[in-house]
Amino acid sequence: HEHAEIAGGANVRAAARKAKAKAMAATAQATEGSAAEEKVTEEKADVTTEASVKGGDSKAGGSSSGGGSGGKAMLKKVSNKLMHRPSKLASALAGASDHVVHGGAGTLGFASSTNHAEAFPLPGSLQKAMGEVRGINGMNAALWALGVFKHEPPKFEYFDPEETEHLEVIFKEVRLPRAEQTHEVVFEPLTRCLFVSQMSNSVLVRIPIAEGGLMLDDQDAWQVGPVDSYGNGLGGLHNISLSGAHPGCLWISLQFCNEVMLVEAATMKLIHIFKVPTMLVREDKTAIRVGGPHCIRECGVTGEIWVALKGSIACHPAETPDRVEATHGNHDSKSLKRAKERVCCSAKALKQRMAQLEALGYNSPPPEGFAIWRLKPSDYNPDALDGMCGGRLYETKPSPPMTSLDHDCNCWSAQDQDACLVMVNGKTDEIVQVDVPHPVSNCQMDMKITGPAIATAPDGAVWCALLGANGCLVRVDPSTKERTLYEISTENIDWIKKQRIIHLAFHTIKSTWFAWRPTKDDPYKRIVIEEMHCMFVISSNLVDDEALNMLTVYGFWGDDWVEPLWYRCIPLPTQDCSCHRIAVVDEGLRPDEHSVVVTCLHSSKLFQVKIQNLLGSGSSTLLSVKELCVADTVKAKGEGE
């Protein structure tokens, strides 16, 4: 209590008696006040809601000896009668007047009752401990001196663990509608929602982000496109990406229907619908069928869209005739069996599906080749004489799964059956096959392929994964065309057998800290970091049964996006899920609400990790890229090397 530091015996006893009497008097007074408040509350409970809330504070407060606490009890009682359960998103869209929508106009992220906050306390993760207690050592010492204790008491030295121990990461896993394949995920900031594509049954799922940054359990879903006689979706919904020219809108693709659409995220209202070209005529007048819009990226400068037409080719390298030894004789592998059953990965099944859609009136001939389609939306013309629907077609090698645009509006694409990247010059239309370095001893599956992951870092460099290698990435400098191989070893982590990197994303961690001490004998200090550049990558067992489904965060040295300094590996709670895509949830949220979300292809789940506490405990340091990574550099052609 407040006199804990008094050392004299008589004074201690007097203070204790005084404190005890004061506490008993306060308890009696509170009991009498509560009884009076309860009586008034019961009398007023049947009054209309508006009158009760307006008059409750003054009437209840006046009848209680406890002062203003009576009004609070009154309002709490009334609010229990009026409380609503959190509303569905449909109610939020309808604009119900009794809802408060957080996050700005048009936000769907978190709809709740106006009285919800009064009825429930904050969740445990947001509450603080009771706080420090000082001075108790003096009290204990005084009691021992008076003979109350027969032994000298120990000291209770207070410290706040949050000041010295880094907090653990917070993660959440959400079940999605049941589907064989869960593919893309993107965060749309105006609606404060995640959008997920499920390709096997052509379903679009929307999940709001709640206050605090975690996903809500409540979801909305739409089946998009044609269905068969059993109600199964046939369109093959795959791409979901943001539109900078149309904030609050999403580019989506029906890969099997050869359709690309721009929709409002809040209402699903169509803004554009385009049919992709299905015939590419070469300069020598030969022609091949193309199609299968797999990925869409919008240029933030020109507003043009670049669409990867993946065609009909298996995503598993062992499915192609020229790579029969890709699994080293393990043709019974689980990943290979699954690939043969997926419509998007089995050439035979894909041709059957597209033929089925063609019978329903869709322009979906089974494709033979591979291309990237470039279109300015205002120039779209389905009746164009050249067959390119108002845009341009650029032929690629098999096959372009994902694309990325650099700061000069050039389009880069991985080619998941070839050792090169392809770059289309946005100004000259030149198509360039870009050689990249591959590891010699680390390609255990004999797959010299690029991608499928490809992304542009904030400094303009293009990064891509090498799925056929064990934990390998390539960085390409767009200006110098210098290419660097990063072969990052995790041999010091026993529970990681292989990491097959399938996708990646970049982010700047802001206002974070970690606990550090020079030696084990020194006290911990809080090291505050205003900004830390990092890269998130996911490893998947999509093509390798031994690969771990895992999220890894790499922190870069200094202000650059070139040399990784440290990393932290986080295995997904559901293994054998073939995790597939990753998205950063950050725009419009506070730094402590930022997170990353990963789709699980085969388990119909989303995995979310808060970013705030990733830095610190559990991280491994990379002393130098040159020491712990096999770095190889390939210079641009024409420089003599």
Side-chain angles (χ1 to χ4, degrees), residues 85-92 102-103 107-112 123-126 168-189 191-224 237-238 240 250 252 265-266 502-503 505 507 536 538-542 549-551 553 570-589 592-614:
R85 299 297 297 172
S87 65
K88 296 287 286 184
L89 287 176
S91 300
H102 299 269
T107 301
L108 305 178
F110 185 61
S112 66
S125 60
L126 299 180
E168 292 303 314
V169 297
I170 301 172
F171 66 86
K172 182 175 184 178
E173 196 174 53
V174 169
R175 169 73 71 177
L176 299 171
R178 187 178 301 277
E180 292 180 4
Q181 303 164 41
T182 299
H183 279 254
E184 303 278 306
V185 60
V186 70
F187 174 64
E188 203 293 300
T191 56
R192 196 180 164 114
C193 288
L194 289 165
F195 291 83
V196 184
S197 66
Q198 297 185 300
M199 189 176 185
S200 52
N201 51 357
S202 200
V203 167
L204 177 64
V205 185
R206 181 173 66 193
I207 304 177
I209 297 297
E211 293 294 331
L214 292 178
M215 296 180 288
L216 285 182
D217 294 322
D218 191 24
Q219 304 170 14
D220 286 328
W222 297 265
Q223 195 164 57
V224 185
L237 176 70
H238 186 265
I240 309 179
L250 304 170
I252 64 175
I502 192 168
H503 271 279
H507 179 67
F536 297 100
I538 53 173
S539 165
S540 174
N541 71 324
L542 181 68
N549 290 276
M550 174 179 67
L551 167 68
V553 53
I570 302 173
L572 270 61
T574 300
Q575 288 296 306
D576 195 27
C577 66
S578 299
C579 65
H580 208 60
R581 294 290 189 271
I582 184 170
V584 178
V585 181
D586 59 349
E587 187 176 347
L589 307 181
D592 62 294
E593 295 180 323
H594 293 180
S595 66
V596 289
V597 178
V598 178
T599 61
C600 300
L601 184 80
H602 289 134
S603 63
S604 304
K605 292 181 180 180
L606 276 184
F607 174 66
Q608 181 183 28
V609 178
K610 295 287 287 291
I611 293 174
Q612 185 181 20
N613 299 328
L614 284 178

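Contact check for Phe536 versus Ile611: side-chain heavy atoms found under the 4.5 Å cut-off. Counting only heavy atoms from C-beta outward, the side chains of Val205 and Pro177 approach each other to under 4.5 Å. The shortest side-chain heavy-atom distance between Phe187 and Val584 does not fall under the 4.5 Å cut-off. Between Lys172 and Asp217 the shortest side-chain heavy-atom distance falls below 4.5 Å. Counting only heavy atoms from C-beta outward, the side chains of Trp222 and Leu237 never approach each other to under 4.5 Å. Ile240 has its side chain within reach of Leu204: a pair of non-hydrogen atoms, C-beta onward, lies under 4.5 Å apart. Taking the side chain as every heavy atom from C-beta outward, Asn201 and Glu180 never approach each other to under 4.5 Å. Between Ile209 and Glu593 there is no side-chain heavy-atom pair separated by less than 4.5 Å.
Although no hydrogens or angles enter the test, the distance criterion places a donor-acceptor pair under 3.5 Å between the side chain of Ser202 and the main chain of Val224. The backbone N or O of Ala179 sits less than 3.5 Å from a side-chain atom of Ser604, completing a donor-acceptor pair. Distance alone, capped at 3.5 Å, is enough to place a donor-acceptor pair between the Gln608 side chain and the Met215 backbone. Within the 3.5 Å criterion, the main-chain N or O of Met550 finds no donor-acceptor partner in the side chain of Ser539. Side-chain atoms of Ser200 come within 3.5 Å of backbone N or O of Gln181 as a donor-acceptor pair. Under a 3.5 Å cut-off, the side chain of Gln575 and the backbone N or O of Asn549 do form a donor-acceptor pair.
Lys610 pairs with exactly one of Val585, Val169, Leu214 by the side chain to side chain contact (heavy atoms under 4.5 Å, CB included) rule, that one being Leu214.
Note that CZ of Arg192 and CD1 of Ile207 are 14.5 Å apart. Values are rounded to the nearest 0.5 Å. Distance check, rounded to the nearest 0.5 Å: CG of Leu216 to CD of Glu211 gives 9.5 Å. A distance of 8.0 Å separates CG of Asp220 from SG of Cys193, quoted to the nearest 0.5 Å. Expressed to the nearest 0.5 Å, how far CG of Asn613 lies from CG of Asp592 amounts to 9.5 Å. Annotation: the span from Leu572 atom CG to Ser578 atom OG amounts to 11.0 Å, rounded to 0.5 Å. In this structure, His580 NE2 and Ile502 CD1 are separated by 5.0 Å, a value rounded to the nearest 0.5 Å.
Using cut-offs of 30° and 60° on the angle between ring planes, the pair His594 and His507 is perpendicular.
The salt bridge (charged side-chain N to carboxylate O under 4.0 Å, His left out) check on Glu184 picks up Arg581, with sequence neighbours excluded. The ring pair (Phe, Tyr, Trp, His ring centres under 6.0 Å) check on Phe607 picks up Phe171, with sequence neighbours excluded.
When every heavy atom of Ile538 is checked against every heavy atom of Cys579, the shortest pair comes out as CB-SG, 4.2 Å.
Other residues, nucleotides and ligands place more than 12 heavy atoms under 6.0 Å from the CZ atom of Arg175.
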Run the numbers on Thr599 and His183 for side chain to side chain contact (heavy atoms under 4.5 Å, CB included), then give the verdict. CA-CA 7 Å; Thr599 61; His183 279 254; over 6 Å; no
